[in-house]
Novice: 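Once you've had a glance at the structure underneath, I'll fire off some questions.
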Protein chains: 2
Amino acid sequence: MRNDKIIRRLLQYRTCLERFKKIGFEQVYSYNLGKEAGVSAEQVRKDFSRFSIHGNKKAGYQIDDLLEMLNKTFGKHEAKKVFIVGMGNIGRALLSYKGFLGKKIEIVAGFDIDPSKLKKREGVQLFHLDELKTMTEQTNVNIAIIAVPDSQAQRVCDMLVVCGIKGIMNFAPIVLKVPENVFVTNINLSNELESLVYYVNEDESV
Amino acid sequence: MRNDKIIRRLLQYRTCLERFKKIGFEQVYSYNLGKEAGVSAEQVRKDFSRFSIHGNKKAGYQIDDLLEMLNKTFGKHEAKKVFIVGMGNIGRALLSYKGFLGKKIEIVAGFDIDPSKLKKREGVQLFHLDELKTMTEQTNVNIAIIAVPDSQAQRVCDMLVVCGIKGIMNFAPIVLKVPENVFVTNINLSNELESLVYYVNEDESV
DNA sequence: TAGATTGTTAATCGATTAACAATC
DNA sequence: TAGATTGTTAATCGATTAACAATC
């Protein structure tokens with residue numbers, strides 16, 4: 001996806017800035033922010049420049065100003081509404097994931113095909129997958145998380161696309177086929193761990 | 001991390017090849033594999049070339065040969081042993097995550113500081129964080145997953161490093177400070193979702 | 001003013017894509 | 001042989017880093 005890396009860094013900067021603010025800081029220099037976010041000061045300035053976010057020569061950046069700019073870019077104010085499809089381990093964990101709270105990410109509904117899994121959880125209503133169409137129309141949600149078994153992932157994905165979902169976070173280890181105007185981000189937990197194992201072993205053998 | 005992208009693609013190729021094999025294929029061309037893995041045929045050939053994996057002119061690649069090569073590179077045979085620190089939603093979900101089974105990823109132990117969470121689950125023994133040192137020595141595990149609240153993540157990370165852990169999969173939205181010889185891979189679920197929201201909105205406004 | 005920091009332009013680096021020779 | 005595919009070399013593209021002028 002275009003600008004992928006910058007977007008992720010900007011989001012990371014925001015998290016860092018919120019942390020700075022919480023401990024009472026009012027301004028930062030690109031150097032401080034870079035250090036906290038794990039990138040160089042030049043990278044920080046370049047990224048801001050790219051998104052027309054400006055600081056003050058010599059005086060650095062006002063944290064509140066930066067946060068306002070970043071929140072404008074990423075829409076901090078309206079809640080981001082999300083569906084979860086698949087009420088297995090991952091799906092259920094995300095239903096109650098605390099990390100979403102401060103980001104105004106709201107799980108609007110969960111879906112599964114197994115009726116035994118459709119008990120309301122964490123205040124979120126769970127539905128049979130058949131209700132997907134109706135629910136999408138009612139709620140205007142356009143982001144969904146796929147947390148179903150691999151063999152079902154493409155089928156579920158197709159359903160989501162038909163229902164008008166435009167962004168998908170996919171936990172199944174397959175490359176989903178989607179139309180051009182649908183965005184997918186893959187979280188492949190096994191591959192993440194396996195690549196770690198690779199690096200660790202590689203490093204030891206040097 | 002060096003070669004990061006190639007490594008991930010190679011792991012993805014392996015998953016695809018296993019799927020091809022399961023449905024009875026014996027050979028593939030770079031074109032087929034690329035399509036399934038979501039990359040170009042040239043990319044596939046280039047990646048293989050980089051890791052000295054060779055096919056046959058005109059005849060493509062024998063799936064079994066490829067798998068053998070990839071398994072040699074990534075160590076398919078010995079189980080990859082992992083600790084999980086933090087028995088909250090994410091930690092517990094990973095304990096029972098089915099996706100690890102076929103990859104020979106074995107969760108050896110779970111840790112938490114809350115005694116009420118230390119009931120054995122999914123056949124995995126859970127321990128108080130104080131036992132980390134002992135357990136590392138007993139098991140020779142050198143990969144761990146951090147799934148604790150943000151405020152605890154760096155502290156837990158430091159403990160892991162002291163215990164000799166060399167690879168960390170981090171679910172906390174902070175950039176961990178680690179020595180050079182320790183590898184970290186970050187899974188920031190909020191940021192993944194937020195960037196999706198950004199792309200979807202961006203796309204609609206065009 | 002002197003020193004420090006931003007913001008932009010230029011240089012470098014690395015990864016992807018294109019081209020094509022080798023060859024089965 | 002003709003056609004198709006691999007594997008490598010060259011060209012392109014984009015992202016990061018370095019350099020430095022502007023300026024507070």
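Numbers restart at 1 for each chain; the letters A, B, ... are given by sequence-line order, proteins then strands.
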Novice: Can you list every salt bridge (charged side-chain N to carboxylate O under 4.0 Å, His left out) pair that touches residues 47-66 of chain B, not counting sequence neighbours?
Specialist: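 For residues 47-66 of chain B, and leaving out neighbouring residues, the salt bridge (charged side-chain N to carboxylate O under 4.0 Å, His left out) pairs sorted by first residue read B:Arg9-B:Asp47, B:Lys21-B:Asp64.
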
Novice: I'd like to check the ring-ring contact (aromatic ring centres under 6.0 Å, His included) partners of A:Phe51; sequence neighbours left out, ordered by chain and number.
Specialist: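 ring-ring contact (aromatic ring centres under 6.0 Å, His included) list for A:Phe51, sorted by chain: empty.
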
Novice: Check this for me, if you would: do B:Glu78 and B:Lys104 make a salt bridge, where the nitrogen-to-carboxylate-oxygen distance has to be below 4.0 angstrom?
Specialist: no

Novice: In whole Å, what is the span from the CD1 atom of A:Ile6 to the P atom of D:dA15?
Specialist: 7 Å

Novice: Separation of B:Asp4 atom CG from C:dT16 atom C1', in whole Å?
Specialist: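 The distance from CG of B:Asp4 to C1' of C:dT16 comes to 16 Å, rounded to the nearest Å.
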
Novice: Please report, rounded to the nearest Å, how far the P atom of D:dC13 is from the CZ atom of A:Arg2.
Specialist: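 Checked: the CZ to P distance equals 16 Å.
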
Novice: Not counting sequence neighbours, which residues clear ring-ring contact (aromatic ring centres under 6.0 Å, His included) with B:Phe83? List them please.
Specialist: B:Phe111

Novice: What are the residues of residues 7-18 of chain B, sorted by number, that bring a heavy atom to within less than 4.0 Å of DNA chain C?
Specialist: B:Arg9

Novice: Test your reading of the model: is there a side-chain donor-acceptor pair from A:Lys133 to the backbone of A:Leu160, 3.5 Å cut-off?
Specialist: no

Novice: Hey, can you pull the donor-acceptor pairs under 3.5 Å for the side chains in residues 195-202 of chain B, sequence neighbours left out?
Specialist:
{"from": "B:Ser195", "atom 1": "OG", "to": "B:Asn191", "atom 2": "O", "distance (Å)": "3.0"}
{"from": "B:Ser195", "atom 1": "OG", "to": "B:Glu192", "atom 2": "O", "distance (Å)": "3.0"}
{"from": "B:Tyr199", "atom 1": "OH", "to": "A:Arg2", "atom 2": "O", "distance (Å)": "3.1"}
{"from": "B:Tyr199", "atom 1": "OH", "to": "A:Asp4", "atom 2": "N", "distance (Å)": "3.2"}
{"from": "B:Tyr199", "atom 1": "OH", "to": "A:Asp4", "atom 2": "OD1", "distance (Å)": "3.3"}
{"from": "B:Asn201", "atom 1": "ND2", "to": "B:Val197", "atom 2": "O", "distance (Å)": "3.4"}

Novice: Could you tell me which residues satisfy salt bridge (charged side-chain N to carboxylate O under 4.0 Å, His left out) with B:Lys46, sequence neighbours excluded, listed by chain and number?
Specialist: none

Novice: What integer distance in Å separates A:Lys5:NZ from D:dG14:P?
Specialist: 13 Å

Novice: Just to verify, what does A:Tyr61 make a ring-ring contact (aromatic ring centres under 6.0 Å, His included) with, not counting sequence neighbours?
Specialist: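 Result, ring-ring contact (aromatic ring centres under 6.0 Å, His included) vs A:Tyr61: A:Phe48.
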
Novice: Residues in side-chain hydrogen bond (donor to acceptor under 3.5 Å, both in side chains) with B:Lys166, at least two apart?
Specialist: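 B:Lys166 satisfies side-chain hydrogen bond (donor to acceptor under 3.5 Å, both in side chains) with no other residue.
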
Novice: Calculate the interatomic distance between B:Met1 atom CE and D:dT16 atom P; express it in whole Å.
Specialist: 15 Å

Novice: Tell me which pairs pass side chain to side chain donor-acceptor pair (under 3.5 Å) where either residue lies in residues 143-165 of chain A, with sequence neighbours left out.
Specialist: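 Side chain to side chain donor-acceptor pair (under 3.5 Å) check on residues 143-165 of chain A returns A:Gln152-A:Arg155, A:Gln154-A:Asp158.
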
Novice: Write out a two-atom table: protein N or O, nucleotide N or O from nucleotides 5-9 of chain D, distance below 3.5 Å.
Specialist:
{"from": "D:dT6", "atom 1": "OP1", "to": "B:Ser30", "atom 2": "N", "distance (Å)": "3.0"}
{"from": "D:dT6", "atom 1": "OP2", "to": "B:Ser30", "atom 2": "OG", "distance (Å)": "2.5"}
{"from": "D:dG7", "atom 1": "OP1", "to": "B:Gly55", "atom 2": "N", "distance (Å)": "2.7"}
{"from": "D:dG7", "atom 1": "OP1", "to": "B:Gly55", "atom 2": "O", "distance (Å)": "3.1"}
{"from": "D:dG7", "atom 1": "OP2", "to": "B:Gly55", "atom 2": "N", "distance (Å)": "3.3"}
{"from": "D:dG7", "atom 1": "OP2", "to": "B:Tyr61", "atom 2": "OH", "distance (Å)": "2.9"}
{"from": "D:dG7", "atom 1": "N7", "to": "B:Arg45", "atom 2": "NE", "distance (Å)": "2.5"}
{"from": "D:dG7", "atom 1": "O6", "to": "B:Arg45", "atom 2": "NH2", "distance (Å)": "2.7"}
{"from": "D:dT8", "atom 1": "OP2", "to": "B:Ser49", "atom 2": "OG", "distance (Å)": "2.8"}
{"from": "D:dT9", "atom 1": "O4", "to": "B:Lys46", "atom 2": "NZ", "distance (Å)": "3.2"}

Novice: For DNA chain C, please output the secondary structure as dot-bracket, reading 5' to 3'. Pairs are Watson-Crick or G-U wobble, both atom distances under 3.5 Å; mark crossing pairs with [ ], other-strand partners with |, unpaired with a dot.
Specialist: ..||||||||||||||||||||||

Novice: Only counting residues at least two apart or in another chain, list the ones meeting side-chain hydrogen bond (donor to acceptor under 3.5 Å, both in side chains) with A:Arg92.
Specialist: none

